[in-house]
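Contents: one structure, followed by commentary.
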Amino acid sequence: MKKTNLSLPSHLETINKDDKYKIILAEQELIQWIEKLKAKKIFSIYTKTNHSNYMLANLIGISFAIEEKIAMYIPFAHDYQDAPKQLNYKWVLSKLKPLLEDPTRSKVGYNLKYDLHILARYGIQLRGIQHDIMIASHILNSTSRKNDIVSLAVDFLEHQCQCISLEKIARKGKQQFKFNQITLEETLPYSAKYADIILQLHNKIFKKIEHDSELKLIYKNIEIPLIFILFKMERTGVLIDDALLNLHSYKISNRLQELEFKIYKITNNRFNINSTKQLQTILFESMNFPIIKKTPSGKPSTSEEVLQELALYYPLPKLILEYRNLTKLKSNYIEKLPKMINMNTGRIHTSYHQVMTTTGRLSSSDPNLQNIPIRNKLGRRIRKAFIAKDNYKILSVDYSQIELRIMAHLSGDKNLLNAFQQGKDIHIATAAEILSVNAKKISNEQRYRAKAINFGLIYGISAFGLAKQLNISQYEAQQYINRYFKRYSGIFLYMENLRKIAYKQGFVETLFKRRIYLPEIKSKNKIRQKAAERSAINAPIQGTAADIIKKAMLLVSEWIEFKANDNVELLMQVHDELVFEVHKSILETAKNKIQKLMESAAKLNIPLLTKAKYGDDWDQAH
DNA sequence: TACATCACG
DNA sequence: ACGTACGTGATGTAC
Ligand SMILES: [Mg+2]
């Protein structure tokens with residue numbers, strides 16, 4: 001943008017010629033290219049930015065490909081010394097805007113949710129998102145960890161030399177995010193190339209998805225439309241009461257000082273309580289506490305489970321537990337969340353990831369809003385900091401026992417289906433069955449144990465795990481499991497069959513036929529093979545729940561768009577829960593409608609039920 | 001960067 | 001005879 005070199009350096013011309021890549025520096029060239037883009041059924045798009053945070057990133061340039069090997073790059077913000085004069089970005093974007101916003105012009109990209117954010121910063125609403133190769137490759141194999149563009153190019157395209165150069169560039173990109181300092185000579189071969197590769201990859205990957213009509217439905221009808229929904233959720237963000245968090249911060253700091261003082265008094269030693277290594281020395285050498293459990297690397301564990309047990313005999317572990325609890329909440333939430341508030345919006349903007357889990361669940365990061373505390377008192381106080389804007393309230397709607405219902409549906413077990421059909425308290429019903437006792441006589445402890453069994457089943461139950469969870473003997477746990485499978489024989493058969501299927505075909509499926517590959521199912525290592533068997537049991541259940549809530553998000557978003565715009569915003573998804581910001585004038589309407597929509601997201605052999613509540617904050621909404 | 005720990009569903 | 005609960009992300013420490 002500084003220099004006035006109108007003509008391209010000769011060595012750049014050479015690159016252009018070889019790869020048919022074009023660098024756009026003149027207005028007329030862009031006009032011509034826009035016509036080329038319009039002439040294509042689909043084109044690929046790739047945005048280059050100066051930041052990984054979507055709320056802060058600015059465009060450095062943008063590239064497009066229309067056919068294999070035919071791609072171009074429009075730089076606007078390369079400002080290294082002697083950079084050639086580049087087109088004015090406002091002018092470029094004004095020319096591209098109609099094309100980018102036209103829903104009838106199909107686009108393919110890599111992680112287009114990011115491009116949506118970037119373009120939104122420039123007042124452009126990207127429409128016509130037809131394909132996303134990041135998501136497509138995850139649909140094909142959710143177990144693979146290599147979903148980045150370079151790895152996909154290595155897997156799907158057989159251009160070895162191309163890939164090597166790309167890897168080099170990628171490494172450079174990781175080290176430094178100063179793309180504006182990269183010269184055009186360096187950038188052209190890969191900025192345009194990324195667009196080229198995205199288009200080439202799309203042709204390969206989508207062909208594989210098309211082969212399977214059910215995979216195609218998940219991809220086309222769930223995942224692709226979900227991109228825009230997640231984009232909106234991220235961009236909307238959630239309002240945080242940082243004054244409340246700061247107040248807790250102050251109180252907790254005081255309590256932590258007290259705890260430190262008490263701990264040092266007992267141990268007669270000032271040490272870093274956060275250091276597991278130092279704590280190990282104190283507990284198991286100085287204090288001579290018995291070693292209850294070892295970590296995978298063979299060192300004595302100081303985990304909560306161990307400290308709980310030691311706390312039965314000594315006063316110190318209880319102090320450590322409280323210290324741990326407080327420091328965790330302090331650093332992860334109370335101190336972290338206020339720092340994450342965006343200066344412009346005053347809200348927190350998480351990132352939802354569509355391709356980070358094997359089962360099809362979403363994940364959330366920066367910050368993670370799917371692990372906000374709720375299980376203890378202080379945790380719920382943190383949750384109180386999630387609030388609604390003036391005249392709005394927080395509405396939370398979550399599925400009731402969705403995973404157990406799915407297990408009943410998938411297995412077809414008569415007994416479990418019946419229990420749900422009759423609207424019974426499922427844990428009481430389980431306890432009554434296992435113990436052969438009338439449901440009215442089930443105690444709290446018996447219900448609690450049955451609940452642990454029900455959870456265990458979803459995790460691919462083992463006597464060891466259940467015994468540990470309930471603090472009972474392995475023998476006793478095995479008795480429970482045996483009695484459960486006797487009463488719910490359909491569940492037993494379902495799980496046996498799932499192990500067989502997983503072994504035979506190497507993958508399992510959700511209700512909607514999303515695939516989860518289990519490469520370890522044939523491992524010679526028995527530990528790994530057993531772990532894969534448990535995943536084989538868990539994945540269809542967890543994955544079906546993920547599919548269902550994604551469908552629900554689409555249904556609800558459609559209703560919001562056409563019937564409740566400006567009055568309802570979808571803010572968060574926490575696996576079986578959707579959280580909304582709702583105008584006070586339509587709280588009851590929204591609550592009822594959203595429950596109906598969520599409950600209709602899938603037709604199972606038993607009803608799908610939700611619980612809903614609203615309040616001033618996320619805690620009140622529970 | 002690996003490990004241990006712990007927040008959530 | 002093995003040594004295990006399923007799926008995530010973030011933190012602080014130690015190497
Ligand atoms: Mg629930």
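Excluded from the calculations below are hydrogen atoms, water molecules and symmetry mates; all remaining heavy atoms, backbone and side chain alike, are included.
Contact between the side-chain N/O atoms of T295(A) and the OP1/OP2 oxygens of dA4(B) is found at a separation under 4.0 Å. For the OP1/OP2 pair of dC6(C) and a distance below 4.0 Å, the side-chain nitrogens and oxygens of R534(A) include at least one atom meeting the criterion. For S365(A) and dT8(C), the shortest distance from a side-chain N or O to OP1 or OP2 is not below 4.0 Å. For Q278(A), a side-chain nitrogen or oxygen approaches OP1 or OP2 of dA14(C) to under 4.0 Å. Remark: N325(A) is not in phosphate contact with dC6(B), judged by side-chain N or O atoms under 4.0 Å from OP1 or OP2. Residue T358(A) places at least one side-chain N or O closer than 4.0 Å to OP1 or OP2 of dT8(C).
Taking atom CD of residue E403(A) and atom C1' of nucleotide dC8(B), one finds them 13 Å apart after rounding to whole Å. If you take CD of E533(A) and C1' of dC6(C), they are 14 Å apart, rounded to a whole angstrom. Rounded to whole angstrom, the span from the CZ atom of R324(A) across to the C1' atom of dG12(C) amounts to 11 Å. Across the protein-nucleic acid pair, I461(A) atom CD1 and dG3(C) atom C1' stand 17 Å apart, rounded to whole Å. Distance Q573(A) CD to dT8(C) C1': 12 Å, rounded to the nearest Å. Atom-to-atom, CG of N525(A) to C1' of dC2(C) comes out at 9 Å; the value is rounded to the nearest Å. Rounding to whole angstrom units, CD1 of residue I320(A) and P of dT5(B) are separated by 13 Å. One can place CG of N538(A) at 18 Å from P of dT4(C), the figure rounded to the nearest angstrom.
Here the side chain of R145(A) is nearest to one of dT8(C), dC6(C), dA10(C), namely dT8(C). Out of dT13(C), dC6(C), dG9(C), the shortest distance to the side chain of S363(A) is found at dG9(C). Nearest to the side chain of E304(A), among dA7(B), dG12(C), dC8(B), sits dA7(B). Considering only side-chain atoms of N371(A), the nucleotide from dG9(B), dC8(B), dA4(B) that sits closest is dC8(B). Distances were taken from every side-chain heavy atom of Q469(A) (C-beta onward) to each of dC6(C), dA5(C), dA10(C); the shortest belongs to dA5(C). Among dT11(C), dT4(C), dG9(C), the nucleotide with an atom closest to any side-chain atom of K336(A) is dT11(C). Residue T302(A) has its side chain nearest to dT5(B) when only dG7(C), dT5(B), dA10(C) are considered. Considering only side-chain atoms of S297(A), the nucleotide from dT4(C), dA10(C), dA4(B) that sits closest is dA4(B). Comparing dA5(C), dC6(C), dA14(C) against the side chain of L466(A) picks out dA5(C) as the nearest. Listed nucleotides dG7(C), dA7(B), dA4(B) differ in distance to L329(A); the shortest reach to its side chain belongs to dA7(B).
Note on ring orientation: taking the six-membered ring where Trp is involved, the planes of Y484(A) and Y488(A) are parallel (angle under 30°, cut-offs 30° and 60°). The aromatic rings of F455(A) and H427(A) lie parallel to each other, their planes meeting at an angle below 30°, with 60° marking the opposite boundary.
When the shell of 6.0 Å around OH of Y264(A) is examined, it contains more than 12 heavy atoms from other residues, nucleotides or ligands.
In this structure, dC8(B) forms a base pair with dG7(C), meeting either the Watson-Crick or the G-U wobble geometry with both donor-acceptor distances under 3.5 Å. In this structure dT1(B) sits in a base pair with dA14(C), meeting the Watson-Crick or G-U test at under 3.5 Å.
S462(A) comes within 4.0 angstrom of a base, heavy atoms only. Counting any heavy atom pair closer than 4.0 Å across all strands shown, Y333(A) reaches sugar-phosphate atoms only and no base atom. Base contact: G456(A) has a heavy atom under 4.0 Å from a base atom. Using a 4.0 Å heavy-atom cutoff across all strands shown, T327(A) reaches no nucleic acid atom at all. Note on I537(A): nothing from the nucleic acid sits closer than 4.0 angstrom, heavy atoms only. Using a 4.0 Å heavy-atom criterion, one finds that I458(A) contacts no nucleic acid atom at all.
If you check distances only, the side chain of K526(A) never reaches the base of dC2(C) with a donor-acceptor pair under 3.5 Å. Taking only distance into account, the side chain of R375(A) meets the base of dG9(B) through a donor-acceptor pair shorter than 3.5 Å.
Side chains of S351(A) and D366(A): no donor on one and acceptor on the other come within 3.5 Å. Under the 3.5 Å distance criterion, with hydrogens and angles disregarded, no donor-acceptor pair is assigned to the side chains of R361(A) and S142(A).
Between R499(A) and E496(A) there is a salt bridge, since a side-chain N of the basic residue sits under 4.0 Å from a carboxylate O of the acidic one.
Screening K424(A), R487(A), K486(A) against E433(A) for a salt bridge (Lys or Arg N to Asp or Glu O under 4.0 Å) leaves a single residue, R487(A). Screening T267(A), N288(A), L307(A) against L283(A) for a side chain to side chain contact (heavy atoms under 4.5 Å, CB included) leaves a single residue, L307(A).
Position along DNA chain C of the nearest nucleotide to A452(A) versus T357(A) favours A452(A) as the more 5'-ward residue.
Atom name P, nucleotides dA4(B) and dT4(C): the rounded distance is 12 Å, in whole Å. Taking atom P in both dT5(B) and dA5(C), one finds a spacing of 13 Å when rounded to whole Å.
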